[in-house]
Structure formats: C-alpha cells, structure tokens
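Ligands are counted one by one from 1 in listed order, and the atoms in each one are counted from 1 as well. Reckoned from all heavy atoms, side chains included, excluding hydrogens, waters and symmetry mates.
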Amino acid sequence: MGKPLDAPLGTNTLSVRDNRTGKTYSIPIVDNSISATDFKALSAPRAPSEREENETEKGLRVADKGFLNTAVLRSEITFIDGDAGVLRYRGYPIEQLALHSNHLETAYLLIYGSLPTKSQFQLWHDEIMHHSVIHADAEQFFRSFRYDAHPMAILTSALSYLGSYYSEANPSLQGQNLFTKGDKTSLATMDKQIIRLIGKATTLAAMAYRVRQGREFVTPPTGLSYAGSFLYQMDHLGQENYVPNPVLEKALDVLFLLHADHEMNASSTSVLQVGSSLVDPYSAVAAGCASLYGPLHGGANEAVIRMLISIGKPENVPAFLEAVKKREKVLSGFGHRVYKTSDPRSFIVRKTADEVFKITGKDELLETAMALHDAAMKDNYFISRKLAPNVDFWSGLIYRAMGFPNDFFPVLFAVPRVVGWLAHWRQMMLQTGGVKIWRPRQIYVGAGKRDYVPLEDRVAVEEPKKTPSVVEHSGISKRTTLASFKGQTRAKL
Ligand code: ACO
C-alpha cells in the first residue's frame, strides 16, 4: 500500500488517487475484495477547519452502516447469489439437499464440510440424540418463567444457562486458547459442545413449549429422528407407543434443513461477534438467538401471521398494500438484504406447505396470503425495489397448520439455526491466523472536547430525545395512589 500508481492494466489492483494530497495508491484486490485496512495508509494533513475527531492524519476510515458491502471473513460454508436466487451449502444446491438429505446429515455437511458416510452419519446421529438429555435441575430454571413468557426469551436464556453446566468448555476458566489450538484435545472439546448444543436445542425448545402449557417435561425419547424426537418432547402426554405423524415429522425436518444456515445473516454475525471475544460457545449461541428474535430477522415468520390476521380477508389486500406503500404498515415476509429475486427456500417451503395442508387441512389465512403475494408481485412498488417473498412468508402458515402458537415460530427457526451458528463459530475458531476480536470503528460526530460545567451554571437541555422520558408507573393501583405515606397523600406515585 501507499505505492505510486504503476500497476499496469489487467492486474488485480485498485488505483486510488487521494485528491487531498495528490498521492496515488495501489491496493491489492484478492478474491474480488479490497482490504479496508489498506485504506489506513491514505492519510492527509487535517485542514484547520476540520474536527480533530475525524482523525484525518491517522488514515482513511471505511464507513458501512449496516454492513451493506463489508465482508467480515473468508468462509467455505454457504454461498448465496441473491440476484439469481441461488443458495448452496458447501457447494450443494439447497433444492438437492431438501430433496435427498435430512437435517442432521446437512448439519454434518455444514459443520465439517463433506457429506458423511453411512457409518459417520450413524455415529453423528447417535451422539446428538445421546446428548439431548438435560440435567434435572434445569426444570426449576424453566419453571421460573412466567406462564406468558415469550418462548424466545426462554430459549435465549436457556442457551446461556446451559453453558453454566460445562466449566470444562469455558475459556474463561480453562484458558483462552481452549477452542483455537486445533489439536486433537481442543477439537474434541469443541465438537462435544457442538454435539451438546445441537442435541439439547430441541430439548430446551420443547421445555420452553411445555412450561407454557403447564405440562410436565418429557425425557427425550430413543429411536426417533431429530425432528420426531422434538415433536414427541412437545406433544407426548403419556400415551403408550406415541409416534409423531410422519408427514409432519418430515415437513419439520425439511424446514429445519432449509433454516440451518444462511451465511452472514444478523444472528450468525452476532454469534461471531460475541464469539470473537473467545467466550464459551453457549454464550455466543445465546447471543445469536437474541439476534434472531427480532422482527426483521427470525421474528418475521411470527410477524407474517399477525399481519395476515390483521388483513383478515383477500378483499382487504389492496388497502393494506397501499398502506405499506405509504409506509404506514410493514409487509412482513417480503424483501431480503441479499435476495433480489424470490428466496429459493420459499419455493420449497411452499411445496412443503401443500404436503402439510393435505393432512392438516388448509389454513384459513392461506387465501389472504396468496392474494397478498400475487398482488405484491404485480405491483410496481415491490417490483422496482426487487422485493419478493422470503422464507418467512410461507413458513408461518405451515407452523400454524401444524398447531404451533404464533410466538413459537421463531423458536422453530432458532433450533435448526444452531447448526449454522456453530458451523461459523467452529470455522472462525480454526481460521488461519487465529481469531481477531471483532471491534469495528465509528465515525465520531459528537461534541468536541468541553469542560465540566458546575451545577449552578448549567442550562437545561429539554429536547425529547435528549432527556429521559416521563415514565408511567405500572402496577400502581388507585388504592396505592390514594394511600398516605408518612402522613402525606400523593396523587401520583
Ligand atoms: N415492505 C415494504 N417495503 C420494503 C420492504 C417490505 N417488506 N422491505 C424493504 N422495503 C423497501 C424499503 O422501504 C426501501 O425502500 P426505499 O428505497 O424507497 O426507502 C427498499 O425496499 C430497500 O429496503 P431496505 O430496508 O434498504 O433493505 P434492507 O436490506 O436494509 O432490509 C429487510 C432487508 C430487513 C429483510 C427488509 O426487506 C424488511 O424489513 N423485510 C420485512 C421483514 C422480513 O420479512 N424479515 C425477514 C428477513 S429473511 C430472514 O431473516 C429469514
């Protein structure tokens, strides 16, 4: 970096002229990317009028609010071509995997890079199912939540709680290179946590489900598939030889596989961000779960159903779309940061929905969903912005047809996504050159240096966003407000 412009045409370099100084720099292009740190060499003297906080003399910064065009690492896991609607796990098209593979086989593929042989798969499957059992103490933890707690709040907390059982897997206790050494012992420790997390994800999720139903918890069964075991753990009420419906079991497995990974989405990025401090994987995965909870991410499948319920019937679709275009309403389940055409998963979900509806009956919201989909796909507002249905547009309808409560839908996304989170976490722990803590920069636009003002000299700042809001006191009854305290009545506490 910082070399004069001498690179001939056709070389993998970018020539940049800094017009502040007249200097020209040649920046290497590797895999069609430039390194943001190379731009640090582009420094210039600070103009007298310029803020010192710009740190101009320390080199140019690269701004990318929302990571719109920043590659944070090199990855071998998942490839998306958002313009062509292509999604591949480790090179295999998602359509082929959905047709021929299953969630746990795909999990092996995502985490270790190749499809397992028969014996490798058997061992992997058995290990995961063996590690699905949770310590009996965990029951108290789940029972401590209120009956109406959102299951994602329970699951996020439970993932973090789970880590407290495994001190041998905690770099804070065992040494910070616990997972980065790459030797046999370190790999075995890492893989054991991966197996535990995948194995127990269904158990934690099922417990979050049952606690809200007021049901006793169920020990994970033997002899069922991953999805089958999950259904059993949620639904078994003591019946003899209870077996989940195979069509629903298969549909759930396909949905799990489709949701297993999606490269640098918000939740995987959260896992890596948190994991980059070398914290234990349970804490990192809990952070991913929290990120997934949001309505712009995994919470969208729940939001779609609430939206469809609010629209009510197909006749109301045009008015709803007009409100969306005026930005008064949100069309959940449409649009994607990467896909600028239909999300390829949405076609498979649609097909899976038909299989499920054959046995559950069609969901009453399906017609409204179809009308909304068809109208949006023909509307210039959505066409010009390349907004098409994402996976969440249809998945909620299947979950609903299967009888899951709305707020459980993001859990059904989080359970399989544990696989993707761990694939990325493992890759980062073993990456060449070690783990670098994710510590982005900022562009400071706040106040320049100023001196502390004594209390009596201050002028009140009263703009709404710059002072604390007046908050309502919930839980204060009329009786409390009318009571007296130390002889004094208070109209409002
Ligand atoms: N409805 C209406 N307009 C939309 C929508 C939508 N669902 N999504 C994007 N737009 C509009 C934006 O208003 C913007 O318009 P403008 O250029 O006139 O201002 C334009 O399309 C570009 O949208 P951005 O918000 O810049 O796109 P971004 O990549 O930042 O956001 C996101 C992507 C968050 C997914 C967005 O499309 C959205 O909010 N969708 C609804 C929520 C949803 O379905 N999330 C699930 C995502 S998939 C997943 O997590 C599995």
Heavy-atom nearest neighbour of atom 40 (N) of ligand 1 within options Y339, F382, F393, F334: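 Nearest option to atom 40 (N) of ligand 1, by heavy atoms: F334.
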
List ligand 1 atoms under 4.0 Å from [X], heavy atoms only on the residue side.
X	result
G333	43 (C), 44 (O)
V391	51 (C)
A300	43 (C), 44 (O), 45 (N), 46 (C)
L296	39 (O), 45 (N), 46 (C), 47 (C)
L331	1 (N), 6 (C), 7 (N), 41 (C)
F413	51 (C)

Is any NZ, NE, NH1 or NH2 atom of the basic residue among [X] and [Y] found under 4.0 Å from an Asp or Glu carboxylate oxygen of the other?
X	Y	result
R426	D191	yes
D354	R350	yes
R400	E364	yes

Would you mind telling me which of F408, Y293, F409 makes a ring-ring contact (aromatic ring centres under 6.0 Å, His included) with H150?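 Result: among F408, Y293, F409, Y293 is the only option passing the ring-ring contact (aromatic ring centres under 6.0 Å, His included) with H150.
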
Any protein heavy atom sitting closer than 4.0 Å to atom 31 (O) of ligand 1?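 Under the 4.0 Å cut-off, atom 31 (O) of ligand 1 has no protein heavy-atom neighbours at all.
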
Measure R327 to ligand 1 on non-hydrogen atoms and call it side chain, backbone, both or neither using the 4.0 Å cut-off.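 Only the side chain of R327 comes within reach of ligand 1.
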
Y339-H262 aromatic ring centre distance below 6.0 Å: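 Between Y339 and H262, the centre distance is under 6.0 Å.
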
Give the residue, atom name and distance (to 0.1 Å) of the protein heavy atom nearest atom 4 (C) of ligand 1.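 For atom 4 (C) of ligand 1, the nearest protein heavy atom is L387 CD1, 3.4 Å.
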
